[in-house]
Student: 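Here it is: the structure, laid out below.
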Amino acid sequence: VQLVESGGGLVQAGNSLRLTCIVSGLGFSTYDIAWFRQPPGKEREFVSLISRSGASTYYSDSVKGRFTTSRDNAKNTMYLQMNSLKPEDTAVYYCAAGRVAYSTSPRAYPYWGQGTLVTVSS
């Protein structure tokens with residue numbers, strides 16, 4: 001099983017980035033996929049999730065209204081569109097796959113990518 005994130009980088013506050021997560025080695029359409037992030041010196045935190053069909057999404061309060069997650073099951077790929085970025089969004093972003101429906105706990109996701117760094121300057 002492999003999850004590979006891309007799309008991170010350095011961006012000014014107020015701008016946008018789109019992260020991509022490509023998944024291989026598992027039945028992509030049978031897994032909920034989530035994004036987590038780990039800011040410098042802090043614990044990993046939930047960002048968003050999307051159900052296996054793509055019909056349902058859920059966001060943390062800190063990103064609701066600014067971030068949008070989507071998936072393309074035909075391409076085994078999920079996305080995180082991040083708009084109106086803030087310096088406090090600076091973190092390593094991880095995608096994760098799991099079968100516990102609608103969980104915001106990292107423990108519910110057995111498969112993880114290596115992470116991609118997003119840095120938002122003020």
Student: Quick one: does Thr69's side chain get under 4.5 Å of Tyr59's, heavy atoms only?
Tutor: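 In short, these two side chains touch, coming nearer than 4.5 Å.
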Student: Which is it for Lys86 and Val120 under the side-chain contact (heavy atoms from CB on, under 4.5 Å) test, yes or no, and what are the steps along the way?
Tutor: CA-CA 6 Å; Lys86 303 175 181 180; Val120 184; 5.5 Å; no
Student: Going from CG on Leu49 to OG1 on Thr104, what distance comes out if it is rounded to the nearest 0.5 angstrom?
Tutor: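 Spacing of CG (Leu49) from OG1 (Thr104) equals 8.0 Å.
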Student: Say you draw a straight line from OH of Tyr93 to CD of Gln38; how long is it, rounded to the nearest 0.5 Å?
Tutor: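 Taking OH in Tyr93 and CD in Gln38, the distance rounds to 12.0 Å.
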Student: Name all pairs fulfilling the disulfide (SG to SG under 2.5 Å) condition that reach into residues 52-82, sequence neighbours left out, sorted by first residue then second.
Tutor: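 Matches after skipping sequence neighbours: none remain.
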Student: Tell me, which pairs form a disulfide (SG to SG under 2.5 Å) where one or both residues lie in residues 76-122, sequence neighbours left out?
Tutor: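 Residue pairs with at least one partner in residues 76-122: Cys21-Cys95.
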Student: Answer whether the closest heavy-atom distance between the side chains of Glu88 and Pro39 falls below 4.5 Å.
Tutor: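 Glu88 does not reach Pro39 side chain to side chain.
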Student: After noting the C-alpha distance and the side-chain angles of Ser121 and Gln12, does the key distance pass the side-chain contact (heavy atoms from CB on, under 4.5 Å) rule?
Tutor: CA-CA 5 Å; Ser121 64; Gln12 285 191 324; 3.7 Å; yes
Student: Which atom pair, heavy atoms only, marks the closest approach of Phe46 to Ser103?
Tutor: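 Heavy atoms only, the tightest pair is CE1-O, 4.4 Å.
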Student: Going by the rule ring-ring contact (aromatic ring centres under 6.0 Å, His included), which residues pair with Tyr94 if we only count those two or more places apart in sequence or in a different chain?
Tutor: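 ring-ring contact (aromatic ring centres under 6.0 Å, His included) check on Tyr94 returns nothing, list empty.
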Student: Any pair with a residue in residues 43-87 that passes disulfide (SG to SG under 2.5 Å), sequence neighbours left out, goes on the list, sorted by first then second residue, please.
Tutor: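 For residues 43-87: none.
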Student: Could you check Leu19, Leu80, Val4 and say which one makes a side chain to side chain contact (heavy atoms under 4.5 Å, CB included) with Thr116?
Tutor: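 Output: one option passes, namely Leu19.
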Student: Identify, with sequence neighbours excluded, every residue that meets side-chain hydrogen bond (donor to acceptor under 3.5 Å, both in side chains) alongside Ser70.
Tutor: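 Result, side-chain hydrogen bond (donor to acceptor under 3.5 Å, both in side chains) vs Ser70: none returned.
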Student: Does atom NZ (Lys42) have a neighbourhood of more than 12 heavy atoms from anything else shown, all under 6.0 Å?
Tutor: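 Open.
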Student: At what distance, to the nearest 0.5 angstrom, does CZ of Arg71 lie from CZ of Arg52?
Tutor: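 The CZ atom of Arg52 is 8.5 Å from CZ of Arg71, to the nearest 0.5 Å.
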Student: List the steps, then state whether side-chain contact (heavy atoms from CB on, under 4.5 Å) holds for Ser56 with Tyr102.
Tutor: CA-CA 9 Å; Ser56 299; Tyr102 305 115; 3.3 Å; yes
Student: Working to the nearest 0.5 angstrom, can you tell me the gap between Ile50 CD1 and Tyr58 OH?
Tutor: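 If we round to the nearest 0.5 Å, Ile50:CD1 and Tyr58:OH are 15.5 Å apart.
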Student: Could you grab the distance from atom CG of Asp32 to atom OH of Tyr109, nearest 0.5 Å is fine?
Tutor: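 With rounding to 0.5 Å, CG (Asp32) is 5.5 Å from OH (Tyr109).
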Student: If hydrophobic clusters are built from ILVMFWY residues whose side chains come within less than 4.5 Å, do Tyr79 and Val47 share one?
Tutor: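 Unlinked, Tyr79 and Val47 end up in two clusters.
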Student: Check whether any side-chain heavy atom of Arg66 lies under 4.5 Å from a side-chain heavy atom of Asp89, and answer yes or no.
Tutor: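 Heavy-atom side-chain distance check passes, below 4.5 Å.
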Student: Return the minimal non-hydrogen interatomic distance between Asn73 and Ser29, and the atom names on each side.
Tutor: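 What the structure gives for the nearest pair is ND2-CB, 3.6 Å.
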Student: Is Phe36 close to Pro106 at the side-chain level, that is, under 4.5 Å between some pair of heavy atoms?
Tutor: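 Yes, close enough: below the 4.5 Å cut-off.
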Student: Consider only side-chain heavy atoms of I, L, V, M, F, W and Y, link residues closer than 4.5 Å, and tell whether Phe67 and Trp35 are in one cluster.
Tutor: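 Cluster IDs for Phe67 and Trp35 match.
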Student: Sequence neighbours left out, what passes side-chain contact (heavy atoms from CB on, under 4.5 Å) with Ala97? Give chain and number order.
Tutor: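 Counting only residues at least two positions away or on another chain, Ala97 forms a side-chain contact (heavy atoms from CB on, under 4.5 Å) with Leu3, Leu26, Tyr31, Ile33, Tyr111.
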Student: Give the minimum heavy-atom separation between Pro87 and Ala13, together with the two atoms involved.
Tutor: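 Smallest heavy-atom distance, with atoms named: CD-CB, 4.0 Å.
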Student: Once rounded to the nearest 0.5 Å, what's the spacing between atom CZ of Arg18 and atom CE of Met82?
Tutor: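 Answer for the CZ-CE pair, Arg18 versus Met82, is 11.5 Å.
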Student: Between Asn15 and Leu85, is any pair of side-chain heavy atoms under 4.5 Å apart?
Tutor: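 No; the side chains remain at least 4.5 Å from each other.
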